[in-house]
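The structure appears below as C-alpha cells.
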Amino acid sequence: MSDQTTDSDLEGQIAHRTRKAEDLRGKGVNPWANDFHVTHAIADVPRDIEKLPTEDQIAEQDPRYAVAGRLLQMNEKGKVAFLFLRGDRGEMIQLFVKVNYEKAFALLKDLQLGDIVGARGQMFKTRIGKAAMRVEELRLLTKAIRPLPGKLLGGQDVKDVESRYRQRYVDMISHPEVAEVFRKRARLVTEMRRFFDDRGYVEVETRTLLSTNGGAAARPFVTHHNTLDMNLYLRIATELDLKRLVVGGIDRVYEIGRIFRNEGMDRFHNPEFTTIEFYQAYATYEDLMVLTEQLFERLAVAVCGGTEITYQGQSLSLKAPFCRLSMRDAVRAALPDAPVDDREALVRYVTQRLHETPHTEHAGTRMDYGHALTHLFEEHVEGTLIQPTFITEHPIEVSPLSRRNDRTPEFCDRFELFLVGKEFANAFSELNDPIDQRARFQSQVALKAAGDTEAMDYDEDFCRALEHGMPPTAGEGIGIDRLAMLLTDQPSIRDVILFPQLRPEGA
RNA sequence: GAGCCGGUAGCUCAGCCGGUAGAGCAGCGGCCUUUUAAGCCGUUGGUCCUGGGUUCGAUCCCCAGCCGGCUCACCA
C-alpha cells in the first residue's frame, strides 16, 4: 500500500491496478475468486420502497440476498460508503457499507471502478428514501486490470464508433442498451425457429465450403484446402444445397446460416451476414406471400410488441395483407413514358438513359430486357417502397433459378418483399425442370465469360439432382441482419452484428 | 473505387491570426456516518493519427498516407 503512483495515463492505471491485485494476493485474497454464491440476480432483489424498513428497523429475520455485478460508482463518505453495482440487464443495486462491518469496509480501499464485486446483506430504505443493501459481506470477485473508458455512472458516453465496434465488450458495458439490441436479435431468431418448427419444417446445416459458386448473384470469397490442394468458395447462398434436400425427400426444410459475399461494405452490407432460407414442396410463391405476412407479423409482435413499428422515424405497419404489385406496374407508375411492354424499345430506352447519366459504372455485359426493367425498378421504384410491398413477376433473365410463369414465360413466379426502400425477402416457385435449369446455367456461364463477376458457375451435380425429380417447390430467403435492424430500429448493420468487419487496427 | 467530414489526456471536447496545449469527468493523495452524476482541499497525466514540406518556429498552413463516419457506385 506504499505505492504512490501518480500516473493517470492508461499504462499507469493498468500498472496501479495490477499492483493492487498483487497486493491482495499477498494478503491471501484471490483477485479472481470463483467461490461466491449468488442467490439473486440484481433485477430480482425486491426494492419496493413502501415495504422496506429503515436501517434501524432491519430485523434479524429479514431476508438476505447475495448479488454480484460490476462496480460502477463508489461514494465514500468517511465512515460509510455507497456503491453501485450493475447486473446483467443493466439494472442497478445500491450497496451501503458501514465501518461497523469491518471486513467489508476494509475491502473498499482495494476496490476500483470496473471491478466485479459480490455483496450479501439485507435491503432497507436510506434516509433519502432509496433502496439499498446494508452489506454484511463484501467480496472482490474479479479485479479489472484495465480501467473502463467513459461512462460508468456519471462521466461521458464513449462516442467513438470505431472503438465501439472493435471493442464490443466495452461498448456493451458502457451502453446496456446495446446488449438489449442483441437480446432482441436473439428473440427474433428464436421466434423465427419456432414459426417454422411449428409448421413442420426441418432445420438443417449445409456446407459452407463449396467448389462451385451459385445460388445468388454475388462475388464469392476464395479459400484453399491444403490436403485437397484446391480452391474452395465460401458459400454465397444456401439455396442449392437446400433444394438438393427437397429432392432427397425433406418436403419442408430451412437453414439459418452465415453466408459470405466479397463485395462492398456500408450501412446495409457486411461481408458475412445471416440469412434464413426455407423451402416447401407442393407450395407456390403465392403461398409464401401469405406465409411471409404471417412471419413478419409474428416477429413484430414478439420483438416490438405489435405490428405498428417505427424505423428511424418512419411509421410502418407490418399488419397483413401487404401491398402486391408487379414489377412492370411498379415501373409504369414511376415512369409513365417507359415502354415497359416493348422488349426492344425498353432496352433502347434504358441504354439511352445510361448514356445520359455517365456516373454509372454499369457494365454493358448484360443489358437485355430483364436487366433493363430491373434497372429501372431499382433506380426509380425500390427506394420509394416504404411500407411492406411484394413486387411480383420478375423477368426471367435476372432469375436463373426461378420457375417460369405458365402464361407469360418471359417472367417468373417470383416476388421480393421491400420495406423502407430495401429488399427484405426474395422468394419464388423453384425451377425444377432440369432441361431449363441447364440452359439457365449455360447463360450464366456465358455472362461470366463476358466479364460478369457475379454470374453463377454451372453446377453439374445440382442439375443431376433435378434430373431425379424435385417436387414442385417454393422457396424464400430473408436477410436476418436487416430484419434485426428493422425491428430494433438501428440505422446501421454494424449495430446488429456483434463484430462487424473493419479494417485491421493500425500498428 | 470516388467525393465530403473527422482523428488533441483513459472518456467527452475546447484550442482565435502559426509562438511546442486546456476544461469537465475518470485517476492518484487527503477530509467527511445516508450519498444519488455527492461535496471540499491537493495533484498527476499529451508521439496533438503517421510521414514529409513551408517557416526562425507547425496541433494549426501545404502534400502524401493510415483509420473511421456519411454520401455515391456494386450488392442483400
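Order of the sequence lines fixes the chain letters, A, B, ..., with proteins taken first and strands second; residue numbering starts at 1 for each chain.
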For this session: Mind calculating the distance between CD (A:Q13) and C1' (B:U44) to the nearest angstrom?
Result: 11 Å
Exercise. Quick one: which of B:C67, B:A73, B:U33 gets closest to the side chain of A:V99?
Worked result: B:U33
Exercise. Which whole number of Å gives the distance between the P atom of B:C16 and that of B:C49?
Worked result: 14 Å
Problem set entry | Atom P, compared across B:C4 and B:C63: separation rounded to whole Å | 11 Å
Exercise. For RNA chain B, whose closest nucleotide is more 5', that of A:F268 or that of A:R494?
Worked result: A:R494
Side-chain donor-acceptor distances from residues 415-425 of chain A under 3.5 Å, at least two apart:
from	atom 1	to	atom 2	distance (Å)
A:E416	OE2	A:R414	NH2	3.2

Exercise. Contact class for A:F273 vs. all strands (heavy atom < 4.0 Å): base, sugar-phosphate, or nothing?
Worked result: base
Exercise. Considering residues at least two apart in sequence or located in another chain, which fulfil the side-chain hydrogen bond (donor to acceptor under 3.5 Å, both in side chains) criterion with A:Q294?
Worked result: A:R199
For this session: Return the nucleotide paired to B:G39: Watson-Crick means purine N1 to pyrimidine N3 with N6-O4 or O6-N4, wobble means G-U with N1-O2 and O6-N3, both under 3.5 Å.
Result: B:C31
For this session: Provide the distance between the two C1' atoms, one in B:A26 and one in B:A9, to the nearest whole Å.
Result: 11 Å
For this session: Verify the contact: side-chain N or O of A:H16 to OP1 or OP2 of B:C28, cut-off strictly under 4.0 Å; return yes or no.
Result: yes
Seminar exercise, completed: Here the distance between atom C1' of B:G45 and atom CD of A:E11, to the nearest Å, is 11 Å
Exercise. Whole Å only: how far is the CG atom of A:D110 from the P atom of B:G27?
Worked result: 15 Å
For this session: Would you tell me whether A:E476 and A:Y285 have side-chain atoms, one donor and one acceptor, within less than 3.5 Å of each other?
Result: no
For this session: Determine the interatomic distance between P on B:C60 and the same-named atom on B:U43; round to the nearest Å.
Result: 31 Å
Seminar exercise, completed: Using Watson-Crick geometry (N1-N3 plus N6-O4 or O6-N4) or G-U wobble (N1-O2, O6-N3), each under 3.5 Å, B:A26 is paired with none
Exercise. Expressed as a whole number of Å, how far does the C1' atom of B:G19 sit from that of B:C48?
Worked result: 16 Å
Exercise. Rounded to whole angstrom units, what separation is found between the CG atom of A:D266 and the P atom of B:C74?
Worked result: 11 Å
Seminar exercise, completed: When both distances are under 3.5 Å in a Watson-Crick or G-U wobble arrangement, the nucleotide paired with B:C61 is B:G53
Exercise. From the list B:U33, B:U35, B:C74, which nucleotide is the closest neighbour of the side chain of A:N75?
Worked result: B:U35
For this session: Decide yes or no, distance alone: a donor-acceptor N/O pair under 3.5 angstrom between the base of B:U35 and the side-chain of A:E76.
Result: no
For this session: Determine: side-chain N/O of A:Q112 to OP1/OP2 of B:C28, distance under 4.0 Å, yes or no.
Result: yes
For this session: Determine whether the aromatic ring centres of A:F278 and A:F196 lie less than 6.0 Å apart.
Result: yes
Exercise. In whole Å, what is the span from the CG atom of A:L111 to the P atom of B:C28?
Worked result: 12 Å
For this session: Could you tell me whether A:N270 contacts a base, only the sugar-phosphate backbone, or nothing, with contacts defined as non-hydrogen atoms closer than 4.0 Å?
Result: base
Seminar exercise, completed: Atom CZ of A:R134 and atom P of B:U35 are separated, to the nearest Å, by 18 Å
Exercise. Hey, does A:R219 reach any base, or is it just sugar-phosphate, or nothing, if we go heavy atoms under 4.0 Å?
Worked result: nothing
Problem set entry | d(CZ, A:F377; P, B:A76) in whole Å | 12 Å
Exercise. If we take the P atom in both B:G15 and B:G22, what is their distance in whole Å?
Worked result: 15 Å
For this session: Measure from the side chain of A:E423, starting at C-beta and using heavy atoms only, and say which of B:U35, B:A26, B:A76 lies closest.
Result: B:A76
Problem set entry | Distance-only donor-acceptor check, side chains A:K125 and A:Q57, under 3.5 Å | no
Exercise. Contact class for A:L502 (heavy atom, under 4.0 Å): base, sugar-phosphate, or nothing?
Worked result: sugar-phosphate
Exercise. Which part of the nucleic acid, if any, lies within reach of A:G264 when heavy atoms closer than 4.0 Å are counted: base, sugar-phosphate only, or nothing?
Worked result: base
For this session: Could you please name the option among B:A76, B:U35, B:A73 that lies closest to any side-chain atom of A:E379?
Result: B:A73
Exercise. Which value, in whole Å, describes the distance between the P atoms of nucleotides B:C31 and B:A14?
Worked result: 38 Å
Problem set entry | Atom pair distance, as rounded to whole Å: NZ in A:K125 and P in B:U35 | 15 Å
Problem set entry | Side-chain H-bond candidate by donor/acceptor type, A:E255 with A:T238, under 3.5 Å | no
For this session: State the pairing partner of B:G3; accept Watson-Crick or G-U wobble contacts with both distances under 3.5 Å, and report none otherwise.
Result: B:C70
For this session: Return yes if a side-chain donor-acceptor contact under 3.5 Å exists between A:T142 and A:R70, otherwise no.
Result: no
For this session: Using only side-chain N and O atoms of A:R267, determine if any of them is under 4.0 Å from OP1 or OP2 of B:U71.
Result: yes
For this session: For nucleotides B:A23 and B:G18, find the distance between their P atoms and express it as a whole number of Å.
Result: 24 Å
For this session: Rounded to the nearest 0.5 Å, what's the gap from CZ on A:R120 to CG on A:L138? Could you check?
Result: 11.5 Å
Exercise. Choosing from B:G68, B:A76, B:U35, which nucleotide comes nearest the side chain of A:R166?
Worked result: B:G68
